[in-house]
Amino acid sequence: MLQNCESRALLVALSTADKELLNRISQLFSKSDWKRLKERLQFLGRIDVDDIHAARMIVTETAESLLNEKDLQQVSESSRHSYARAA
């Protein structure tokens with residue numbers, strides 16, 4: 001999901017994330033990449049509340065889109081298996 005989300009939106013959304021979420025996300029990065037991301041988060045400055053909400057919506061929509069794609073792939077695969085059994 002992190003690779004598919006617009007980077008600025010992800011950065012803004014993460015700027016207000018709680019420590020538990022940040023700790024979980026940090027496990028997905030190398031130490032050096034996580035250090036760079038944390039530095040970028042520290043230098044964002046003041047962010048308008050509307051921008052934070054918009055960023056969160058972009059992240060949410062990206063996640064939903066990826067989940068929908070995954071669901072469609074699973075339905076397609078199970079349909080193929082059903083057709084194969086019926087044949």
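As the structure is a computational prediction, the values presented were derived from the model and not from experiment.
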task: Kindly compute the distance separating CZ (Phe29) from CZ (Arg36), expressed to the nearest 0.5 Å.
output: 10.0 Å
- prompt: How many angstroms lie between atom CG of Asp18 and atom CZ of Arg24, to the nearest 0.5 angstrom?
  reply: 9.5 Å
- prompt: Linking I/L/V/M/F/W/Y whenever their side-chain heavy atoms sit closer than 4.5 Å, directly or via other members, would Ile58 and Leu41 fall into one cluster?
  reply: no
message: Distance check, rounded to the nearest 0.5 Å: Met57 atom CE versus Glu64 atom CD?
response: 7.0 Å
task: Give a yes or no on whether Glu39 atom CD has more than 12 heavy-atom contacts from other residues, nucleotides or ligands under 6.0 Å away.
output: yes
message: Working to the nearest 0.5 angstrom, can you tell me the gap between Glu6 CD and Glu61 CD?
response: 12.5 Å
query: Just checking, is any N or O donor in the side chain of Ser65 or Asn68 under 3.5 Å from an acceptor N or O on the other one?
result: no
- prompt: Between OG of Ser32 and CG of Leu37, what distance do you get to the nearest 0.5 Å?
  reply: 11.5 Å
- prompt: What do the steps show when you test Arg56 against Thr16 for side-chain contact (heavy atoms from CB on, under 4.5 Å), and what is the final call?
  reply: CA-CA 10 Å; Arg56 288 179 178 174; Thr16 58; 2.7 Å; yes
task: Apply salt bridge (charged side-chain N to carboxylate O under 4.0 Å, His left out) to Asp51 and list each qualifying residue two or more places apart in sequence or on a separate chain.
output: none
task: Drop me the distance from Leu14's CG to Arg40's CZ, to the nearest 0.5 angstrom.
output: 10.5 Å
message: Treating Asn23 as the side-chain partner and Lys19 as the backbone partner, does any N or O pair qualify as donor plus acceptor under 3.5 Å?
response: yes
